[in-house]
Amino acid sequence: EKLVPADPTDRQSLLRRASFDITGLPPTPAEVTAFVSDKSPSAFATVVDRLLDSPHFGERWARHWMDLARYAESHGHEFDYPIHNAFQYRDYLIRAFNADVPYDRFIMEHLAGDLLPNPRRNPLNGINESVIATGFWYLGEATHAPVDVLGDQASRVDNQLDVMAKSFLGITLACARCHDHKFDAISTRDYY
């Protein structure tokens, strides 16, 4: 197809792209001036390290995770009741991303952070970070006064399983609620 790579970008554009990608924010004029005038071979690596150390890094990447977890501060539905203390889960995510918590630990905290024998503690105030991650299970739509209470409870559990499977396994588990999964080796029997 006679395609050729794009020419290298200018330093100002490179800094702008890195800043938006890592923190979601544009660089300040002073940061642009400093980077453009820094001719050292490690200038870009220094910028990337600074951006990764920024508290805005966790804020940006926690937003992506909150989309997966269906984070909201209310239950939705007709009365839209608030999810009290939902902000604690949001803040946990920001701290976890900024602390570079390993992914396997991140998963364990979400699925069973209340059962870990050695929970991760916040170095500043000593709070149990691991247990806060289990707020993941509490997020989701809830009705005010369902007609079928047991059906509503089952729907909430189905939703939790669906979100967990999509977030951590990258699969759609919900199909197996009604029939053996057509693409993944999950039977209806396994699901229930």
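When reading the values below, keep in mind they use all heavy atoms of this one structure, side chains included, and skip hydrogens, waters and symmetry mates. Computed from a predicted structure; not experimentally measured.
- The CG atom of Leu25 sits 11.0 Å away from atom CZ of Arg16, with the distance rounded to the nearest 0.5 Å.
- Although no hydrogens or angles enter the test, the distance criterion places no donor-acceptor pair under 3.5 Å between the side chain of Trp65 and the main chain of Ile94.
- One distance of note links CG of Asn98 with NE2 of His56; it measures 10.0 Å at 0.5 Å rounding.
- We find that Arg63 and Asp67 are not joined by a salt bridge, their nearest charged nitrogen and carboxylate oxygen being 4.0 Å or further apart.
- For the pair Gln153/Leu150, a side-chain contact is recorded, criterion being any heavy-atom separation below 4.5 Å from C-beta on.
- Heavy-atom neighbours of Lys182 NZ from other residues, nucleotides or ligands within 6.0 Å: at or below the threshold of 12.
- Between Leu139 atom CG and His75 atom NE2 the span is 8.5 Å, to the nearest 0.5 Å.
- A continuous path of Ile, Leu, Val, Met, Phe, Trp and Tyr side chains, each step under 4.5 Å between heavy atoms, connects Leu14 with Leu52, placing both in one hydrophobic cluster.
- Arg11 places a side-chain N or O within donor-acceptor distance of the main-chain N or O of Asp38, the cut-off being under 3.5 Å.
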Between side-chain atoms of residues 123-135 and protein atoms elsewhere (two or more places apart, or another chain), which donor-acceptor pairs fall under 3.5 Å?
from, atom 1, to, atom 2, distance (Å)
Asn125, OD1, Ile127, N, 3.1
Asn128, OD1, Ser130, N, 3.0
Asn128, OD1, Val131, N, 3.0
Glu129, OE1, Arg95, NE, 3.3
Glu129, OE1, Arg95, NH2, 3.0
Glu129, OE2, Arg95, NE, 2.7
Glu129, OE2, Asn122, ND2, 2.8
Ser130, OG, Arg105, NH2, 3.3
Ser130, OG, Glu109, OE2, 3.1
Ser130, OG, Arg120, N, 2.8
Thr134, OG1, Val131, O, 2.6

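- Pro82 has its side chain out of reach of Glu73: every pair of non-hydrogen atoms, C-beta onward, lies at least 4.5 Å apart.
- Under the 4.5 Å side-chain heavy-atom criterion for grouping Ile, Leu, Val, Met, Phe, Trp and Tyr, Phe106 is not connected to Leu115 through any hydrophobic cluster.
- For the pair Ser19 (side chain) and Pro26 (backbone), a donor-acceptor distance under 3.5 Å is absent.
- Atom CZ in Arg189 sits 11.0 Å away from atom CG in Asp180 (nearest 0.5 Å).
- Here the CG atom belonging to Leu51 is positioned 7.0 Å from the CG atom belonging to Leu15, to the nearest 0.5 angstrom.
- Taking hydrophobic clusters as Ile, Leu, Val, Met, Phe, Trp and Tyr residues chained together by side-chain heavy-atom distances below 4.5 Å, Val101 shares a cluster with Tyr103.
- Using a distance-only test at 3.5 Å, with no hydrogens or angles considered, no donor-acceptor pair links the side chain of Ser74 to the main chain of Ile83.
- In this structure, the separation between CG on Asp53 and CG on Asp100 is 10.0 Å, given to the nearest 0.5 Å.
- Without hydrogens or angle criteria, Ser187 side chain to Asp190 main chain gives a donor-acceptor distance under 3.5 Å.
- Ring-plane geometry between Phe136 and His110 is classed as perpendicular, the angle between the planes exceeding 60 degrees on a 0 to 90 degree scale with a lower cut at 30.
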Begin from the C-alpha positions of Trp137 and Leu111 and carry the test side chain to side chain contact (heavy atoms under 4.5 Å, CB included) through to its verdict.
CA-CA 8 Å; Trp137 294 110; Leu111 299 181; 3.5 Å; yes
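- Residue Tyr192 places its OH atom among more than 12 non-hydrogen atoms of other residues, nucleotides or ligands, all under 6.0 Å distant.
- Heavy atoms only, all atoms of each residue included: Gly58 and Phe97 are closest at CA-CB, 3.7 Å.
- Residues Leu68 and Met108 do not share a hydrophobic cluster, clusters being chains of Ile/Leu/Val/Met/Phe/Trp/Tyr side chains in contact below 4.5 Å.
- For Arg90 and Tyr71, the positive end is not near the middle of the six-membered ring at less than 6.0 Å and at most 45° from its axis.
- A distance-only check finds a donor-acceptor pair linking the side chain of Arg60 to the backbone of Asp21 [under 3.5 Å].
- For Gln12, the CD atom sits in a loose shell: 12 or fewer heavy atoms of surrounding residues, nucleotides or ligands are nearer than 6.0 Å.
- The shortest non-hydrogen separation linking His179 to Thr188 is C-OG1, 2.9 Å.
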Extract all donor-acceptor atom pairs below 3.5 Å that involve side chains of residues 161-173 and protein atoms in other chains or at least two apart in sequence.
from, atom 1, to, atom 2, distance (Å)
Asp162, OD2, Arg70, NH2, 3.2
Asp162, OD2, Lys166, NZ, 3.3
Ser167, OG, Val163, O, 2.8
Thr172, OG1, His181, NE2, 3.3

